[in-house]
Each structure stands twice: as C-alpha cells, then as structure tokens.
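The structure appears below as structure tokens.
This one's a predicted model, so the numbers in the text were calculated from it and none came from an experiment.
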Amino acid sequence: RDAEATIRLSEYRPPDYLIDEIALVFSLDPEQTLVAARSHVRRQGDAPCPLVLDGKRLELQSVSIDGEALASDRYRVENEQLIIDAPPAAFRLDIVTRIAPAGNTHLEGLYMSGGRFCTQCEAEGFRAITYTLDRPDG
C-alpha cells in the first residue's frame, strides 16, 4: 500500500483473522537481527480464506503452522505481504524474519540510533519487525 494512500472509514472491513497473542524473540545484531514471532491465530467466520499479513523490508527465513514448516506452495510473499493459503481455523503460527537495524533509515520498526537499538511501531511500524496484521483492530 502506498504511504500516501488515503484510508477511508467507508472502506473498512473487519479482518478475516485475529491474533490473540504474539511472543517475539530477538537475536540482536546491527546488520542481521533475527526475529522469531510466535502467534496464536484464529479465523473469524466459517469460510476458509487466506491469511494476509503485512511486512516491510523483511527477509523471510521460515514459516510454520503448529510446528510444521510450510512447503513453499502453501504461502507466498507479494507486495510486502505474506499470504498463507487455507490455514486452519485456529493455529500457532511461527515466523522467522531477518532485518537490518543499522541500515534502517526509515525510523520505524527496529533501528539503530546513537549505537542503540530503538523501536517505533506506531503507526504501522510493527510490520517492519515481523509479518503481522498491524492494524488497530487486528
């Protein structure tokens, strides 16, 4: 989505999935930090649909559902989104991403300033750390 895009309330629709809990483990390194995100996800509604998670400047390392690594034909990364086709109605999602805090000049997500690791996650900055819903109601 373009940074200058206008978001209208009339275009709002509830997310297809909710993330009830997320735990993050960081292996900090200025040039190549690994972020392991474990989420508990559940679908809203009965109809199967893809899970679409937003990301920015992320290098996907792995993705698994309920401890099983997903084959590459079960997910894809397109337009800074991780799309998981037909996940279960409720599941544990593990995603590992690699980011480069020292090279992050956008001052969002995890970045370096004065030799220190810093974070800025509002608004929509969390997606620069891991793939996520990253919306106020998600």
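Side-chain contact between Ile84 and Leu70: present, with at least one pair of heavy atoms (C-beta onward) separated by less than 4.5 Å. Between Leu107 and Thr105 there is no side-chain heavy-atom pair separated by less than 4.5 Å. Taking 4.5 Å as the limit, every side-chain heavy atom of Leu110 sits out of range of all side-chain heavy atoms of Cys118. Looking only at side-chain heavy atoms (C-beta outward), Val35 and Val96 stay at 4.5 Å or farther from each other. Side-chain contact check for Leu93 versus Val63: some heavy-atom pair is nearer than 4.5 Å. Taking the side chain as every heavy atom from C-beta outward, Phe26 and Leu34 never approach each other to under 4.5 Å. Taking the side chain as every heavy atom from C-beta outward, Gln44 and Tyr17 never approach each other to under 4.5 Å. Contact annotation: the side chain of Leu60 approaches that of Ile95 to within less than 4.5 Å [non-hydrogen atoms, C-beta and beyond].
Of all non-hydrogen atoms in Ala128 and Gly109, the two that sit nearest each other are CB-CA, 3.9 Å. Listed here is the closest heavy atom pair of Pro87 and Pro50: CD-CA, 4.4 Å. Closest non-hydrogen pair, Thr119 versus Tyr111, comes out as C-CE2, 4.1 Å.
Grouping the Ile, Leu, Val, Met, Phe, Trp and Tyr side chains by contacts below 4.5 angstrom, directly or via other members, places Val52 apart from Leu58. Ile19 and Leu82 fall within a single hydrophobic cluster, where Ile, Leu, Val, Met, Phe, Trp and Tyr side chains are chained together by heavy-atom contacts under 4.5 Å.
Here Arg42 does not pair with Glu21 in a salt bridge; the nearest charged N to carboxylate O distance is not below 4.0 Å. Between Glu108 and Lys56 a salt bridge is recorded (basic side-chain N to carboxylate O distance below 4.0 Å).
With rounding to the nearest 0.5 angstrom, the OG atom of Ser39 is 12.0 Å from the CG atom of Leu18. Summarising the geometry, atom CG belonging to Leu28 is positioned 8.5 Å from atom CE belonging to Met112; distances are rounded to the nearest 0.5 Å. Put simply, CG on Leu51 and CG on Asp16 are 8.5 Å apart, with the number rounded to the nearest 0.5 Å. Expressed to the nearest 0.5 Å, how far CZ of Arg127 lies from CG of Leu53 amounts to 10.5 Å.
Remark: side-chain polar atoms of Thr97 are paired, donor with acceptor, to backbone N or O of Ile129 under 3.5 angstrom. The backbone N or O of Val77 sits nowhere less than 3.5 Å from a side-chain atom of Tyr131 that would complete a donor-acceptor pair. Here the side chain of Asn79 pairs no donor or acceptor atom with the backbone of Gln81 at under 3.5 angstrom.
Annotation: side-chain hydrogen bond (donor to acceptor under 3.5 Å, both in side chains) contacts involving residues 24-36, sequence neighbours excluded, comprise Gln32-Arg98.
Residue Glu78 places its CD atom among more than 12 non-hydrogen atoms of other residues, nucleotides or ligands, all under 6.0 Å distant.
With sequence neighbours excluded, no residue satisfies side-chain hydrogen bond (donor to acceptor under 3.5 Å, both in side chains) with Asp46. Qualifying side-chain hydrogen bond (donor to acceptor under 3.5 Å, both in side chains) partners for Asp66, counting only residues two or more places apart in sequence or in other chains: none.
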- Task: Give the C-alpha distance, both sets of side-chain angles, the deciding distance and a yes or no for side chain to side chain contact (heavy atoms under 4.5 Å, CB included) between Ile65 and Tyr75.
- Result: CA-CA 11 Å; Ile65 290 181; Tyr75 70 92; over 6 Å; no
- Should Asp85 and Arg74 be marked as a salt bridge (Lys or Arg N to Asp or Glu O under 4.0 Å) after you check the CA-CA gap, both sets of side-chain angles, and the distance that decides it? CA-CA 6 Å; Asp85 296 312; Arg74 295 205 38 216; over 6 Å; no
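Between the side chains of Gln120 and Glu122, no donor-acceptor pair is found at a separation under 3.5 Å.
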